[in-house]
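Presented below is the structure to which this report refers.
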There are 2 protein chains.
Amino acid sequence: MPERSTTGEPAPGRRMRPDVRRSLDALLTAAAEVFETEGVDAPVRRITAKAGVGAGTLYRHFPQRSDLITAVFRNEVDACAAAAPALAAQYEPVEALERWLHRFTRFIAAKQGLKAALHSGDCAYESLPGYFQERFVPALTRLLDTAAATGGIRSDVTPDDLLQALSSIIDPDGPEYTRRMIGLLVDGLRYRA
Amino acid sequence: MPERSTTGEPAPGRRMRPDVRRSLDALLTAAAEVFETEGVDAPVRRITAKAGVGAGTLYRHFPQRSDLITAVFRNEVDACAAAAPALAAQYEPVEALERWLHRFTRFIAAKQGLKAALHSGDCAYESLPGYFQERFVPALTRLLDTAAATGGIRSDVTPDDLLQALSSIIDPDGPEYTRRMIGLLVDGLRYRA
DNA sequence: GCAAAAACGGAACAGCGTTCCGTATTCTCG
DNA sequence: CGAGAATACGGAACGCTGTTCCGTTTTTGC
């Protein structure tokens with residue numbers, strides 16, 4: 001028995017067939033766009049249409065709707081986490097940190113539609129908060145450490161605190177507000193340089 | 001202009017046409033049963049079938065699904081609140097209180113399906129918590145007062161505290177647990193008799 | 001009783017998730 | 001490199017959903 005995959009990404013055993021790779025990518029990017037504009041309850045057909053893919057293809061890769069949502073979420077978590085080292089290589093430590101914080105808040109803001117699903121009691125989403133932490137804490141830790149090592153910021157703030165604080169900042173409408181708040185936060189970090 | 005009713009119950013102006021009365025009652029009791037067994041997302045047709053009523057009839061009285069849910073909820077709140085004076089007339093004060101508390105927890109337990117709707121952000125349900133308080137606080141107040149007046153229980157517990165405590169007791173599965181907890185609670189009330 | 005008004009039932013429509021299978025692509029091995 | 005098997009694809013088809021609409025029935029006011 002070929003062992004139901006249900007995940008879509010890792011491909012542990014053999015290499016992935018190119019057509020599978022193509023339709024999987026198309027589905028994930030299409031779903032990401034649709035979820036962002038119409039929410040995670042958007043019609044399936046809208047996603048398959050945008051991906052240029054048949055309905056059967058979607059259901060073979062993601063038997064449950066939650067599988068697709070989870071996969072998209074993890075994809076975007078990865079992308080956001082991957083931005084940290086990239087920024088670290090391009091900017092000086094404190095600016096890299098600040099830029100990443102903005103990147104992170106954009107990510108959180110776009111994922112507001114997920115909150116309802118997360119709290120819906122559906123156990124299919126139980127793993128998401130764990131993945132969230134698992135990926136973002138190391139990414140942010142490196143940024144904080146190098147910024148602290150060069151004396152740019154104080155060193156007594158934990159990544160968890162910062163992530164928590166950001167998540168609760170994004171609510172009030174207007175990205176301008178968020179922008180100012182992050183500025184304030186970074187200034188606060190600089191205070192004991 | 002006949003002024004959209006959307007409520008279904010009060011009938012402020014003229015008396016209600018008998019056929020309206022009939023289909024309204026049938027709809028409300030049918031919806032109550034269906035909501036209890038299948039949750040508030042149950043198919044509309046199941047309700048109209050059980051009520052022996054056409055779809056058009058439902059939509060004329062309850063243009064939005066939330067209207068029907070709200071009406072059923074208020075109906076059952078009323079029924080539960082009305083049980084208080086009835087029990088007070090039939091039993092001695094402390095026993096009446098205890099019996100009503102059980103009645104109340106059964107009500108809460110049956111309404112678990114509503115929690116998701118309440119927290120869904122849909123502003124159609126904003127009035128429900130208010131109605132909940134408005135009806136239950138007076139009902140419970142009378143029970144507590146008369147029980148306290150006859151010296152059966154202490155008099156330093158507010159209705160709000162009690163309602164709050166009960167709402168948080170019902171969760172753990174098994175009505176037996178809830179039963180014991182209420183016994184404990186009433187014993188606690190008796191303590192300073 | 002008899003029009004006029006109001007409410008009823010249920011067929012009809014559009015949109016949804018999901019399944020199924022004939023067809024096309026890819027892999028494997030001689 | 002080519003043939004056969006294995007795998008994945010597309011999209012038509014199904015059943016169920018919410019909602020609207022209108023011909024028919026019930027109720028009212030005179």
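Here is the naming used below: chain letters follow the sequence lines, and residue numbers restart at 1 for every chain.
- Between B:R22 and B:A42, the residue anchored nearer the 5' end of DNA chain D, judged by the nucleotide with its closest heavy atom, is B:A42.
- Residue-to-nucleotide contacts include no donor-acceptor pair under 3.5 Å from the side chain of B:R17 to the base of D:dT27.
- Taking atom CG on B:L24 and atom P on C:dG9, their separation rounds to 12 Å, with Å as the unit.
- Comparing A:R46 and A:A55 by the nucleotide of DNA chain C whose heavy atom lies nearest to each, the residue mapping closer to the 5' end is A:R46.
- Residue contacts for B:S23: at a heavy-atom cut-off of 4.0 Å it reaches the sugar-phosphate backbone alone, with no base atom in range.
- In terms of position along DNA chain D, the nucleotide closest to A:V53 lies nearer the 5' end than the nucleotide closest to the other residue of the pair A:V53 and B:V44.
- The nearest whole Å value for the distance from the CG atom in B:D19 to the P atom in C:dA7 is 8 Å.
- Distance CE (A:M16) to P (D:dA8): 10 Å, rounded to an integer number of Å.
- If you take CZ of A:R21 and P of C:dT26, they are 14 Å apart, rounded to a whole angstrom.
- Residue A:D41 is the one, among A:G56 and A:D41, whose nearest nucleotide of DNA chain C lies closer to the 5' end (criterion: closest heavy atom).
- The CD-P distance, from B:Q64 to D:dT20, rounds to 9 Å in whole Å.
- Annotation: side chain of A:L101 is not in contact with side chain of A:L185 (no heavy-atom distance under 4.5 Å).
- Across the protein-nucleic acid pair, A:R60 atom CZ and C:dC20 atom P stand 13 Å apart, rounded to whole Å.
- Residue A:T57 places no side-chain N or O under 4.0 Å from the OP1 or OP2 atom of D:dA8.
- Aromatic pair A:Y131/A:Y125: ring centres not closer than 6.0 Å.
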For A:D67 and A:T70: C-alpha separation, side-chain torsions, deciding distance, then whether side-chain hydrogen bond (donor to acceptor under 3.5 Å, both in side chains) applies.
CA-CA 5 Å; A:D67 295 330; A:T70 301; 5.6 Å; no

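- Dashed line: the shortest gap from a side-chain N or O of A:R65 to OP1 or OP2 of C:dG17 is under 4.0 Å.
- Put simply, OH on A:Y59 is 7 Å from P on C:dT19, counting in whole angstrom units.
- Contact annotation: B:H61 does not reach the phosphate of C:dA7 (side-chain N/O to OP1 or OP2, under 4.0 Å).
- Remark: side-chain polar atoms of B:T57 are not paired, donor with acceptor, to backbone N or O of B:V53 under 3.5 angstrom.
- Contact annotation: A:R15 does not reach the phosphate of C:dT28 (side-chain N/O to OP1 or OP2, under 4.0 Å).
- Using a cutoff of 4.0 Å between basic side-chain nitrogens and carboxylate oxygens, B:R21 and B:D25 are scored as salt-bridged.
- Rounded to whole Å, the distance from CZ on A:R45 to C1' on D:dC16 is 12 Å.
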